[in-house]
Amino acid sequence: MLQLNYIRQHVDLVKERLTVKHFADIAAVDRIVSLDEQVRRLKVETETLQAELNAVSKEIGMLMGQGKKEEAEQRRAVVSEGKSKIQRSTEQLGSLEKQLYDEVIQLPNIPHVSVPVGKTPEDNVNIREVGAKPDLHANAVPHWELIKKYDLVNFETGVKLAGSGFPVFKGRGAKLQRALVQYFLDYNTAAGYTEYMPPLVVNETTAYGTGQLPDKEGQMYHIGVDGLYLIPTAEVPVTNIYRDEIVKENELPVKMTAYTPCFRREAGSFGSDVRGLNRVHQFDKVEVIQLSHPEKSYEVLEEMVAHVEQLLQSLNLPYRILRLCGGDMSFTSALTYDFEVYSAAQKKWLEVSSVSNFETFQSNRMKIRYKDAAGKTQLVHSLNGSSLALPRILASLLENNQTETGINLPAVLHPYFGAASI
RNA sequence: GGAGACUUGUCCGAGUGGUUGAAGGAGCACGCCUGGAAAGUGUGUAUAGGGGAAACUCUAUCAAGGGUUCGAAUCCCUUAGUCUCCGCCA
């Protein structure tokens, strides 16, 4: 959520930046500014009135203490009169504030100056492409064939148990998942991230905190009877760990990592995008999250990009890094880098990580703050990235490393998997 | 799931209708003391929002929400959470 006083002070800039994000309702900014003015005016009125009544009530207390009952009675009448007045203006204030909040929460985050103008994924800027695309043998097949051949993942059984998009990992397929999770977590904790295992369901407040609500309501599985949501990413519970907390400045940056399954309804997806492991409703992911000093957050973003990049290099996967254009960025992000790995048999780039700086957009909602040297509380910047999402990593590992006789795994996985190949 | 007790500031903890935003302690910060530290000592130490150039000031907040009252941390209702006992259970 954008900060009101920022909007107030940068009306034109906010409008201009929101067009970069292709936000449709620019007029909302003017409505917000006008509502904000009304709210503040009415607030002064209401609070002045309240202060008067409070003062009289206090007097009554003193008079009662001194046994001056009659004088107290007189004043009691005065307060009774003011009460109906204040009730009206309090109600009006409440409704105005609600309107204001409802408008502000609909505004997406403002994109960073470096965000490319553009609307579709084609407008994303390719920052760099690293690693050679492998030359596969003549009989190479996509991963959905490989997982059948080596009996690693069973989609049909998943359909029986839950529905399409819920793969069942089996045997060496299951073990490889576990190996990847373990390797990623070890890699992250070695870089100073503290490991967490959060709940896989969250309440409404938590989902609001990171911005999934109200923006992505339809993308999350909702457990109606208990008012809970299945997490679409570890970002949601883990960032909320620090909700309503004030950390010491020297405790920044806070670095956290977590492995969780992620649940996404992916309503509206179809075609080759959802083939095999390319897009599923439940998948495993290891996430890294940082809460940073506002002045350092873009350094931190670069650091996180380098962190994910080295992880991909260790897996010997060809990858490219994209800076997302305004139209392709998420609601909450100020700057996002996407990582895509090349999956050689289906000849497709697959997104495996998204590293973003949210600046104060999330921390303003969650009230994650630190005390600066002057003793003032300030909002932190929050950032997160995947390191990494498993199914697409698995897909490209299988496709890129297939030979006529088996699949060779990168060296870093051997100790975790207990073998060099499948 | 049933019954009961409880929920106060960073923490511990007092407070059952009237200058209580809240005693007392601990912690923390700064100063004094010290060669340095500890101890001692003095002062300060919530958050959000509004007004004001500033000093400062106002409003709200004692789990959350609602109610009673001129006035609520204190009384009533609802919800959530914690603990104890019972039940169920990996």
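Lettering of chains follows the sequences in order, A, B, ..., and the numbering in each one begins at 1.
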Could you tell me how far [M] sits from [N] if I compare only their [atom1] atoms? Round to whole Å.
N	M	atom1	answer
B:rG15	B:rC62	C1'	11 Å
B:rC32	B:rA38	C1'	16 Å
B:rC76	B:rG42	C1'	46 Å
B:rA63	B:rU8	P	7 Å

Problem set entry | Residues which pass salt bridge (charged side-chain N to carboxylate O under 4.0 Å, His left out) with A:Asp25, listed by chain and number, not counting sequence neighbours |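 Expected list: A:Arg31.
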
Exercise. Does A:Asp36 have any salt bridge (charged side-chain N to carboxylate O under 4.0 Å, His left out) partners at least two apart in sequence or in another chain, and if so, which?
Worked result: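 A:Asp36 satisfies salt bridge (charged side-chain N to carboxylate O under 4.0 Å, His left out) with A:Arg8, A:Arg40 only.
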
Problem set entry | Qualifying residues under side chain to side chain contact (heavy atoms under 4.5 Å, CB included), relative to A:Asp244, sequence neighbours excluded |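 With neighbours one apart ignored, the set is A:Lys367.
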
Problem set entry | A:Ser333 (side chain) donor-acceptor with A:Leu335 (main chain) under 3.5 angstrom |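 At least one qualifying donor-acceptor pair exists.
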
For this session: For each nucleotide in nucleotides 44-65 of chain B, reading 5' to 3', give B when a protein heavy atom comes within less than 4.0 Å of its base, S when such contact involves only the sugar-phosphate, and - otherwise.
Result: ---SSBSS------BBS-----

For this session: Assign a letter to each nucleotide of nucleotides 74-80 of chain B from its 5' end: B, base within under 4.0 Å of a protein heavy atom; S, sugar-phosphate only; -, no contact.
Result: -------

Problem set entry | Pairing residues for A:Tyr6 by the side-chain hydrogen bond (donor to acceptor under 3.5 Å, both in side chains) criterion, not counting sequence neighbours | none

Exercise. Under the side-chain hydrogen bond (donor to acceptor under 3.5 Å, both in side chains) test, which residues partner A:Gln290, sequence neighbours left out?
Worked result: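 Once residues adjacent in sequence are excluded, the partners of A:Gln290 under the side-chain hydrogen bond (donor to acceptor under 3.5 Å, both in side chains) criterion are A:Tyr193, A:Glu303.
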
Exercise. Can you name the residues that form a ring pair (Phe, Tyr, Trp, His ring centres under 6.0 Å) with A:Tyr187, not counting sequence neighbours?
Worked result: A:His307

Quick test of your reading: applying ring-ring contact (aromatic ring centres under 6.0 Å, His included), list the pairs with at least one residue in [range], sequence neighbours left out, ordered by first then second residue.
range	value
residues 151-177 of chain A	A:Phe166-A:His281
residues 34-85 of chain A	none
residues 88-116 of chain A	A:His112-A:Tyr298

Tabulated below should be each protein N or O lying under 3.5 Å from an N or O of nucleotides 16-21 of chain B; please produce it.
unit_1 : atom_1 : unit_2  : atom_2 : d
B:rG18 : N2     : A:Ser57 : O      : 3.1

Problem set entry | Nucleotide forming a Watson-Crick or wobble pair with B:rC62, both distances under 3.5 Å | none

